[in-house]
Amino acid sequence: MPEPIFQPLSDKPDHPGLEQEMLARWDAEETFAKLREQNRGGPTFSFVDGPVTANRMSLGVHTAWGRTLKDVFQRYKALRGFDERYQNGFDCQGLWIEVGVERSLGLNSKREIEEFGLEEFARRCREVVVQSSEALTRGSIRLGQWMDWGRDYFTFSDTNIEYIWKFLKILHGRGWLYMGHRATEWCPRCGTSLSQHELTQGGVYQERADPSLFVRFPLLDFEGQSVVVWTTTPWTLPANVAAAVHPDEEYGRRANGEWVAVKLFPEDTFVERVPGRELVGRRYRGPFDDLPPGSQVEHRVIPWEDVTMDQGTGVVHIAPGAGGEDFELSRVHDLPVLSPVDESGRFYDDYGWLHGLTTTEAADQIVGRLGETGFLVEAGLFTHAYPHCWRCDTPLIFRLSDDWFIAVDEIRPTLLDENAKVEWVPEYMGKRMDDWLRNMGDWNISRRRYYGLPLPFYPCSCGHLNIVGSRAELEERALGGLEQLEELRRPWIDRVPIRCESCGEPVERIPEVGDVWLDAGIVPFATLGWENPQWVEEGYATGAARGLTKADLPDHEYWEKWFPADWVSEMREQIRLWFYSQFFMSVALVGRSPYQRVLGYEKMLDEQGREMHASWGNTIPAEDAFARMGADVMRWQYCAQPPERNLLFGFGPAETIKREFLTFWNSVKFFVDYANTVGFGPSWSALNLEGGLDPLDRWLVERTHAFVRDAEGAYEGTLTVAVMRAYTEYLDDLSNWYIRRSRRRFWDGDDHAPFQTLWYAIVQTLRVMAPILPFVTDHLWRTLVLDGPESVHLAGWPEVPEPNRALLDEIAAVRRVVELGRQARSSSGIKLRQPLRRLVVEGTSLDGHLEEVADELRVKEVELGPVEAVELKVKPNLPKLGPKLGKELGAVREALAAGEFEELPDGRFRVAAHELAPDEVLVERGGREGWAVASGDGVTVALDLGLDDELVLEGEAYELIHQVNSLRKERGFELTDRIALTVPEAQRKLADRHGEWISREVLATSIDVGETLEIRKS
Ligand SMILES: [Zn+2]
Ligand SMILES: [Zn+2]
């Protein structure tokens, strides 16, 4: 045996093993650096990375999903010669970092943090970011993501902070900043309010059981009468000031004096009925008038159009200090506002016996007290979706708070116009953004916390609001404290008072920090050097980011070149978060969207479809997935996912993918084994195929071109799922048609055309799939391409001519007939090895391919003609119909089973108000006696099942060939080994009649008759 030309492949790939090997080679060969060098100066494709929160100590599989998509399209564009930015980003401030540090230090309140010391607290927070960013970088590299590691942006850099200051100062110049006083969602544990968009994050609304109370408020001027309210937040009752009724709805008085809405109690009998407006103005005794705050309130019934008639009593308890809408009502009706709880959600001391209790602790006591005083009508439990703090999981309350807001009404129309120009994939996500932009309220940007962007607001008692727009401005106006200013961060910055620009008095910064979405939203400006006059090397590495990154601060020219991003991608949740915040900031600063196209995707669940939670034990650390399935298999799983559906990720699907991948691996291995046998060694220039090809080879070349074009369209449309679909279909044609039909030619080995064709097809496939499966494709590339580019990632995108679609359609029709023929065969129960006499085909022409069909289906002849059918059975084609019909699939399936359908011309069916296309159904037609029939896509085939002696004998010959070849494999014979064959006496006739044929097929030099079937090397 000569030295093999190609390194032989193992039976199946060891993904994790070969991936580690590839990582080492990319590292040693500096493949990524070479790629960037190769594309330098090419057309630009601008991508801006959404920062990953640096608070986890390992990469999660859900983060790996987004990272894979980013990497895939960056790699694809790089193959096409685009010059790209590869800057990775880390989100480094805000509650998520703080809460983790608090937990690790065992701190439970803001007071404890302050006692611990804010300097040290800030250092611990930074430490978490440092460690997490290192771990996330390791995980991402293992995933195969190519980024400019080491030049990452960190949102806690002073530069990032300064850019936000600048943004805020500009907005203040337009009069968009204001301080609002209102009741807002508040986390009592974190001691801060939350913004509207924070409430839209996943996991915020959780089912929970709360007390459900019906409480009567006795009317003062109507002896024995009362209004009855319903509430699920007992703790707000001590802050009650009014009861609202709908002025136009009908209210009824029960015999016991209780007023409720008639609609909500249709069974009750009422002694008096009046419209709500007649109750308005009536005064009542409050439920906690024995406590000082309540005793000073004149409680009364007020009108409110928004009182709904779907639950409760139709009378709504109003506590303006403890509810958002209640607060708005207090302005309309000039109601007093009682604020019962402090920052940590505990009752103030003027609430007497409630003093110091949390809202939850107070609930039981309040219910008990209402019972004693006769206010309680009924108490129970009520389960509903209730908002929780997205970071610490504490149930939120409403509380009065002074927060800083950005007014959005003036800019809203421009936001809507700009969003309409963005290309959203999938499209409905753009609609969601539009909905959000239409309905969002002013942006609450202040948080009463520590580790965040310091809001540069210095309000003066003279009434002037000073806003500092840069570090330089701060230094210029500072009255002291600069020497200790380590970072633009609490507590250091709080020790730098400035002079009021209006009255000249010293003023101090407000203690609040900013919403984290400001940090991430400014990225398209802060990292690209917007309005920066001069490029500063490592200029982004300021403040807390110093020493962590070598990122430059580019100049404005660079920003002009790279802004806006051609493309960004994150999960759907980011519509109201990062997609929104950068969009808002960009439209505010420069009047246009910071991105032109967005790829969003839905959630990741476990393989059973449940949310992944550490406490449920169903989360998968990326390290486990790398070790047990490998990065390529993970990437396949991510890329095969339609973005509009939740991804069910797990080891089960990974096994399926591994099996599916084997088809390709086996095809390559088939090529390698036979090419080594015949000594076929192509050179890189063989990619220019010339002459000598059979029609089947020509077809595979065209089919390959079609695949390249289809994949190209899918990549351009940022739809990996369409790439995967094209790949799967192509691979089926490659292995189940081309290789199957060409086996004989590979076996003979004297014609190099099939080798050349298959090599061409495989090599082009590797280039197409390299962005998705970067490891295994490069491994196979290095096996197959002996004198071309050293890595598939440096080989560029295959340029192919427009494929011959007519030829492809022709063969697709042939394959369809063969598929139907197999279906008919399997329904008849006759083995594929048994030759049959005849196949009749109706509905397609099969020009020039009758022989191929006959050969594939092992029939003696194929004729075209009408097929006489007697019975029609139609079943749903589940992979196609399932996604299309969803819940209605059941009804369609039943109707089909019951025969309730109508056959339309051109192979369509009408059933249960749906029209089903030919490829959405599986059609079986019962044929005449002795025939098996199958149809689909408008084509029908009928297989003559009649057997004669000759056919039976041939069937036996095929069976024997199969047995012998299995035996060869079992014994480990080489493909080229010749054998001496012994067959049992019962097969003497077979040997006499078909000996020559059998010998050829099993490489036998002789056939003897003996005891049993036996082979040995000859
Ligand atoms: Zn919280
Ligand atoms: Zn002043």
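Start at 1 and go down the list; that is how both ligands and their atoms are numbered. Note that the structure is predicted; figures quoted are calculated from it, not measured. Only heavy atoms go into these numbers, but all of them, side chains included; no hydrogens, no water, no symmetry mates.
Vertex the Zn ion (ligand 2); arms to Cys460 atom SG and Cys462 atom SG; angle 110° (nearest 10°). Rounded to 10 degrees, the SG-metal-SG angle spanning Cys190 and Cys187 at the Zn ion (ligand 1) equals 110°.
A side-chain donor-acceptor contact under 3.5 Å links Asp403 and Ser401. A donor atom on one side chain and an acceptor atom on the other are not found under 3.5 Å apart for Arg111 and Asn108.
Under a cut-off of 6.0 angstrom, the local environment of CD in Glu325 is sparse, with at most 12 non-hydrogen atoms contributed by other residues, nucleotides or ligands.
Backbone or side-chain N, O or S atoms of His464 do not reach the Zn ion (ligand 2) at under 2.8 Å.
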Discussion item. Could you walk me through whether His384 and Thr232 satisfy the side-chain contact (heavy atoms from CB on, under 4.5 Å) test, starting with their C-alpha distance in whole Å, then the side-chain angles of each, then the deciding distance to 0.1 Å, before giving a yes or no?
Written reply: CA-CA 10 Å; His384 55 161; Thr232 56; 3.8 Å; yes
